[in-house]
Amino acid sequence: MTQPQIPHEGESVSIWQKDFEMIRFMPLHRDVDADVCIIGGGIAGLTTAYVLMKEGKKICLLEDQEIGSGQSGRSSAHFSVALDRTFQELENIHGTEGTKLIAQSHMAAIQMVKDIVFQENIACELETVDGHLFTTGKIKDGIEQELQAIHRAGIENAHLESSSLLPFHTDGVIRLPNQLQLNPLKYLKSLAEIIQRKGGKIFTHTHAKEIHGGPKARVITGDGYKVSCKTIVIATNTPVNNWISVHHKQTANRTYMVSALIPTGSVPRGFFSDPLESNHYIRIQSHDSSHDLVLIGGEGHRTGQEIDPESNYARLEKWSKDHFPQIGIFQNRWSGQVFESVDGLAYLGHNPFDQSNVYIITGDSGSGMTHATIGAMIITDQLMGRVNPWVELYSPSRMKLKSIRELVRENIRTVTQYAEWLKEKKIEEIDEIPLGQGSVIRKGIRRIAAYKDENGNVDLHSAVCPHLGGIVKWNAAEKSWDCPCHGSRFDCHGKVIEGPANRNLRPVRKSTIVPTPFLKKPTPPAEKTP
Ligand code: FES
């Protein structure tokens with residue numbers, strides 16, 4: 001497999017990351033002052049930085065790895081008014097007036113990205129395309145009712161389309177004109193260059209270790225340097241600054257994607273999704289004169305709650321072949337992390353239970369590109385003292401009555417993950433772990449995350465997640481330790497790569513575990529006979 005030019009958060013490489021040369025920045029090696037310190041170098045952080053700089057704010061952006069190395073570089077990168085939830089569901093939770101605001105905010109995000117790309121002359125393969133919702137028929141009348149809900153939300157140009165648009169049977173397709181798709185890393189690279197050129201400060205490989213709001217707001221880095229600021233924006237997919245307040249309202253999920261070539265024009269360009277039933281999503285884009293590129297995603301599950309991600313890839317490839325018989329060889333496959341809120345919308349704005357000058361962008365709910373852009377707009381208006389009509393809708397402190405049942409159900413699923421502490425499990429010997437794989441082993445009441453590299457060297461860490469004490473599970477596809485409680489992830493050597501945990505897994509000395517053959521003292525050489 002071709003190695004990507006930027007570090008990333010797993011083993012797999014997305015189609016955008018493959019061979020991409022990202023702009024590099026230095027780590028922070030001194031104390032600095034800024035109006036706003038933004039944590040996170042994905043679309044949420046960079047868009048917020050860009051918009052705030054246009055308002056005259058002095059920006060300092062900190063990124064743990066490299067620009068675009070997180071979920072933005074693993075996205076299908078479409079900007080749509082259609083969310084993961086149907087408009088019928090959204091209307092049930094947020095009311096008709098709420099769905100009007102949802103549609104309005106997503107349309108505004110699409111327009112804003114278009115404006116940025118054209119004003120800044122960004123070459124990022126931007127295409128204005130149509131979005132499509134389809135159903136394969138188990139839900140009778142579902143598509144008609146969905147269209148009515150979309151019209152009630154104010155998206156008047158949505159209409160029913162011929163069912164033969166796709167190469168497989170559907171019982172209806174809704175077309176949503178004038179949506180966007182682009183290459184996310186090219187977009188982020190240009191935003192980073194513009195921010196730097198206009199005087200913004202960006203530092204990569206800089207871990208935000210401590211985050212303090214209030215009158216003396218500051219961020220302390222892992223190397224001990226300080227960013228003093230008036231405002232902090234945490235744009236790290238899931239917030240790393242608070243322990244509970246938002247995390248009990250959203251769940252972390254893995255999603256899988258594959259890409260392949262298909263004959264040019266065999267399927268219209270644009271994207272397609274099936275929110276009523278299977279939740280598969282499809283993006284078609286130009287490739288060359290004879291082929292288009294198709295990206296197909298789905299087969300997701302809650303993070304850390306699936307023991308064999310290979311089977312998810314296998315199901316996704318089978319679904320893709322069954323529905324697109326013209327697919328040849330799969331080119332790439334990768335997975336990503338999606339945070340789903342209990343009511344289908346991201347949490348954008350002032351951080352609940354925190355000082356008044358800390359803001360978050362999280363809970364992308366499968367619409368990370370648009371939600372991140374909306375987050376930048378809301379937070380900018382809040383900082384500039386302007387009225388924004390979407391503040392309440394996306395408020396991180398909201399609690400919708402209609403979503404309480406789902407909130408309770410998801411929190412029960414989270415709590416049951418702590419039962420891993422009590423489960424009687426077969427003790428796995430380290431010798432049984434295959435090369436290049438990991439497993440949680442048990443030593444009395446301790447749970448130890450053991451990884452064996454390709455040379456047989458073993459790396460041991462506590463399997464206890466430093467966020468709130470869940471037991472991590474091995475993700476064989478990404479070679480990472482994933483926490484099933486709130487989705488924290490750590491690389492095979494225990495380094496945190498995804499919050500809410502903000503610390504690494506604690507190392508464990510080899511001598512503290514059960515002696516196994518690989519740890520036995522070498523047998524002393526036989527005494528020499530004279
Ligand atoms: Fe919360 Fe692990 S992510 S306990």
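Just so it is clear, the model here is predicted, and its values are computed rather than measured. Order of appearance sets the numbers: ligands from 1, and atoms from 1 within every ligand. For the single chain, residues carry numbers from 1 onward in sequence order.
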Q) For atom 1 (Fe) of ligand 1, which N, O or S atom of His467 is at the shortest distance? A)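 In His467, the N, O or S atom with the shortest distance to atom 1 (Fe) of ligand 1 is ND1.
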Q | Residue His486 atom name (nearest to atom 1 (Fe) of ligand 1; N/O/S) | A |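 Atom 1 (Fe) of ligand 1 is closest to the His486 atom ND1, counting only N, O or S.
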Using a strict 4.0 Å cut-off to heavy atoms of [X], name the atoms of ligand 1 that fall inside it.
| X | answer |
| --- | --- |
| Ser488 | 3 (S) |
| Gly469 | 4 (S) |
| Gly470 | 4 (S) |
| Cys465 | 2 (Fe), 3 (S), 4 (S) |

Q. Parallel, tilted or perpendicular for Trp319 and His280, by the 30°/60° rule?
A.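 The rings of Trp319 and His280 lie parallel, inter-plane angle below 30°.
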Q.
Contact between ligand 1 and Ala501 is defined here as a heavy atom of the residue under 4.0 Å from a ligand atom; is it met?
A.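 It does not, in that no heavy atom of Ala501 comes within the 4.0 Å cut-off of ligand 1.
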Q: Tell me, please, if Cys485 has any N/O/S atom, main chain or side chain, under 2.8 Å from atom 2 (Fe) of ligand 1?
A: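 No.
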Q) Any N/O/S atom, backbone or side chain, of Cys483 lying under 2.8 Å from atom 2 (Fe) of ligand 1? A)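 Within the cut-off used here (under 2.8 Å), Cys483 does place an N, O or S atom near atom 2 (Fe) of ligand 1.
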**Q.** Test ring pair (Phe, Tyr, Trp, His ring centres under 6.0 Å) applied to Phe271 - qualifying residues, sequence neighbours left out
**A.**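 So Phe271 forms a ring pair (Phe, Tyr, Trp, His ring centres under 6.0 Å) with His78.
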Q: List in chain and number order the residues that pass ring pair (Phe, Tyr, Trp, His ring centres under 6.0 Å) with Tyr359, two or more places apart in sequence or in another chain; answer none if no residue qualifies.
A: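 For Tyr359, the residues satisfying ring pair (Phe, Tyr, Trp, His ring centres under 6.0 Å) (neighbours in sequence not counted) are His350.
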**Q.** Donor on one side chain, acceptor on other, Thr255 and Asn253, under 3.5 Å
**A.**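 Per modelled atom types, Thr255 and Asn253 side chains form no pair under 3.5 Å.
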Q. For Glu63 and Thr206, does a side-chain donor sit closer than 3.5 Å to a side-chain acceptor?
A.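 The answer is no; no qualifying pair exists.
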**Q.** Ionic contact status for Glu498 with Arg74, cut-off 4.0 Å
**A.**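 Result for this pair is no, no salt bridge flagged.
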(Q) Checking ring pair (Phe, Tyr, Trp, His ring centres under 6.0 Å) between Tyr313 and each of Tyr256, Trp334, Phe330, which is the one that passes? (A)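 Exactly one candidate clears the test, Tyr256.
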